[in-house]
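All figures in this text were calculated on a predicted structure; none of them were measured in a lab.
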Amino acid sequence: MFVKNRLGLIEGTETMLAQEHRMNQITNNLANVDTAGYKKENITFWEMMFTAADNRQRVGKALKPLITHTQGGINTTGNPLDLAINGQGFFQIQTADGVRYTRNGNFTLNAEGQLSSHDGSLVLGDGGPIVLPNENVQIGQDGQIMADGQVVNQLSLVTFEDLNSLEKEGKTFFRIKDNGALAIPVDVVNIQQGHLEGANVSVVSEMTEMIDLQRAYQTQQKVIQTIDDLDSQSITRVGKLT
């Protein structure tokens, strides 16, 4: 009986840890509901067989982080350097750690006149960093950049056969996992100048899931308390004749 109760405690503890992890994700999603280009975080739960410390097989719970890459809403800002992607693709950003990918088109010009991301990293076009004479530029839906009637560069957008080959870095950057995934140029580019893509987070959905999660957590606490009470009763009754 004690062994069964012990397994029940382990199962209950694993479930509560998973629920805590999911609650942290929901909190992070809600904190970034106004972050341009933010993609919602989620996890999947599944059960797996593994060998426990005493070499018995048991079922454990595993967690796998997931990113939801659905399109966020397009919001008008009027800033000529704010760019939104309507459709598939990522902007390519040159950082100190290599090329990163993002849907956050909240760009600006640095002191050298280079188009830069919110953290100062360089936005890449065909041929490398994009140098602009000023902010008075026109950027077409096809990503072509014009200034003073002259083409000065072309935004370089890419995508991936499997978006699960990307992992999040910071709030809105993504990097390729170590599985050899290749960036593919986007065939149909749809850029909207003077707009930003919002986060793909629904506040109502996140709040609803948070409430459900809190109830499930409290239920699990009661289960663990019940198992603990059964253990206590088993111990106190050992050796009693009546």
Side-chain angles (χ1 to χ4, degrees), residues 28-42 67-95 99-110 113-147 151-161 163-176 183-206:
N28 195 43
N29 287 338
L30 289 172
N32 286 285
V33 71
D34 292 324
T35 301
Y38 177 84
K39 294 304 175 188
K40 176 182 173 180
E41 299 174 354
N42 208 331
I67 303 297
T68 302
H69 285 279
T70 54
Q71 173 86 47
I74 303 293
N75 305 310
T76 303
T77 66
N79 184 341
L81 297 185
D82 282 345
L83 305 176
I85 301 172
N86 191 359
Q88 65 173 340
F90 294 87
F91 298 108
Q92 295 193 85
I93 308 296
Q94 182 65 58
T95 73
V99 177
R100 298 293 184 263
Y101 309 91
T102 186
R103 301 271 299 189
N104 183 358
N106 182 208
F107 300 140
T108 187
L109 288 184
N110 65 15
Q114 297 167 310
L115 192 63
S116 308
S117 65
H118 58 283
D119 70 340
S121 300
L122 300 181
V123 181
L124 296 178
D126 290 347
I130 298 169
V131 180
L132 301 177
N134 51 60
E135 295 186 2
N136 186 24
V137 295
Q138 295 78 47
I139 302 175
Q141 287 189 351
D142 61 355
Q144 188 178 69
I145 305 171
M146 297 188 68
V151 177
V152 296
N153 214 318
Q154 172 78 35
L155 283 167
S156 177
L157 266 62
V158 298
T159 188
F160 299 84
E161 286 189 0
L163 294 180
N164 290 322
S165 62
L166 297 176
E167 63 183 354
K168 189 176 278 190
E169 184 177 274
K171 292 183 179 178
T172 59
F173 278 4
F174 293 90
R175 64 182 176 191
I176 299 175
I184 305 168
V186 174
D187 292 332
V188 180
V189 176
N190 189 350
I191 297 292
Q192 293 192 16
Q193 185 180 17
H195 296 75
L196 284 176
E197 180 184 358
N200 64 349
V201 176
S202 165
V203 174
V204 173
S205 292
E206 296 296 309

Testing Asp34, Thr35, Asn29 for side chain to side chain donor-acceptor pair (under 3.5 Å) with Asn32, which one passes?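 The side chain to side chain donor-acceptor pair (under 3.5 Å) with Asn32 is passed solely by Thr35 among Asp34, Thr35, Asn29.
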Taking ring pair (Phe, Tyr, Trp, His ring centres under 6.0 Å) as the test, write out the residues that go with Tyr38, two or more places apart. none
Any [X] side-chain heavy atom under 4.5 Å of [Y] side chain:
X      : Y      : answer
Met146 : Val137 : no
Ile184 : Phe160 : no
His118 : Thr172 : yes
Val151 : Gln144 : yes
Lys39  : Glu197 : yes
Ile191 : Asn86  : no
Val131 : Asn153 : no
Ser117 : Phe173 : yes

How far does [atom1] of [X] sit from [atom2] of [Y], to the nearest 0.5 angstrom?
X      : Y      : atom1 : atom2 : answer
Ile145 : Ile139 : CD1   : CD1   : 5.0 Å
Thr108 : Glu135 : OG1   : CD    : 6.0 Å
Phe174 : Phe90  : CZ    : CZ    : 6.0 Å
Phe107 : Leu81  : CZ    : CG    : 9.5 Å
Gln192 : Asn190 : CD    : CG    : 5.5 Å
His195 : Thr76  : NE2   : OG1   : 3.0 Å

Minimum-distance pair of heavy atoms, taken over all atoms of Ala183 and Tyr101: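 Result for this residue pair: CB-OH, 4.1 Å.
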Heavy atoms only: give me the nearest Ser116-Leu122 pair and the separation to one decimal. OG-CD2, 3.9 Å
Do the side-chain N and O atoms of Gln92 and Arg100 include a donor-acceptor pair separated by under 3.5 angstrom?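 No - no donor-acceptor pair under 3.5 Å links their side chains.
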Can you find a side-chain donor-acceptor pair between Asp119 and Ser121 that sits under 3.5 Å? yes
Evaluate side chain to side chain contact (heavy atoms under 4.5 Å, CB included) for Lys40 paired with Glu206, printing each intermediate quantity in order. CA-CA 10 Å; Lys40 176 182 173 180; Glu206 296 296 309; 2.9 Å; yes
Set of side chain to side chain contact (heavy atoms under 4.5 Å, CB included) partners for Val203, sequence neighbours left out: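 By the side chain to side chain contact (heavy atoms under 4.5 Å, CB included) rule, Val203 matches Leu30, Val33, Met207.
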Only counting residues at least two apart or in another chain, list the ones meeting side chain to side chain contact (heavy atoms under 4.5 Å, CB included) with Val188. none
Spell out, as yes or no, whether a donor-acceptor pair under 3.5 Å connects the side chain of Asn200 to the backbone of Thr68.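 Side chain of Asn200 to backbone of Thr68, a donor-acceptor pair under 3.5 Å: yes, one is there.
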Pick from Val189, Val123, Asp142: which one makes a side chain to side chain contact (heavy atoms under 4.5 Å, CB included) with Leu155? Val123
Worked verdict on Val152 versus Leu132 for side chain to side chain contact (heavy atoms under 4.5 Å, CB included): CA-CA 7 Å; Val152 296; Leu132 301 177; 3.9 Å; yes
Would you sort out whether Val186 and Gln88 count as a side chain to side chain contact (heavy atoms under 4.5 Å, CB included), showing the intermediate values? CA-CA 7 Å; Val186 174; Gln88 65 173 340; 4.1 Å; yes
Apply side chain to side chain contact (heavy atoms under 4.5 Å, CB included) to Ile67 and Glu41, showing your working. CA-CA 5 Å; Ile67 303 297; Glu41 299 174 354; 3.8 Å; yes
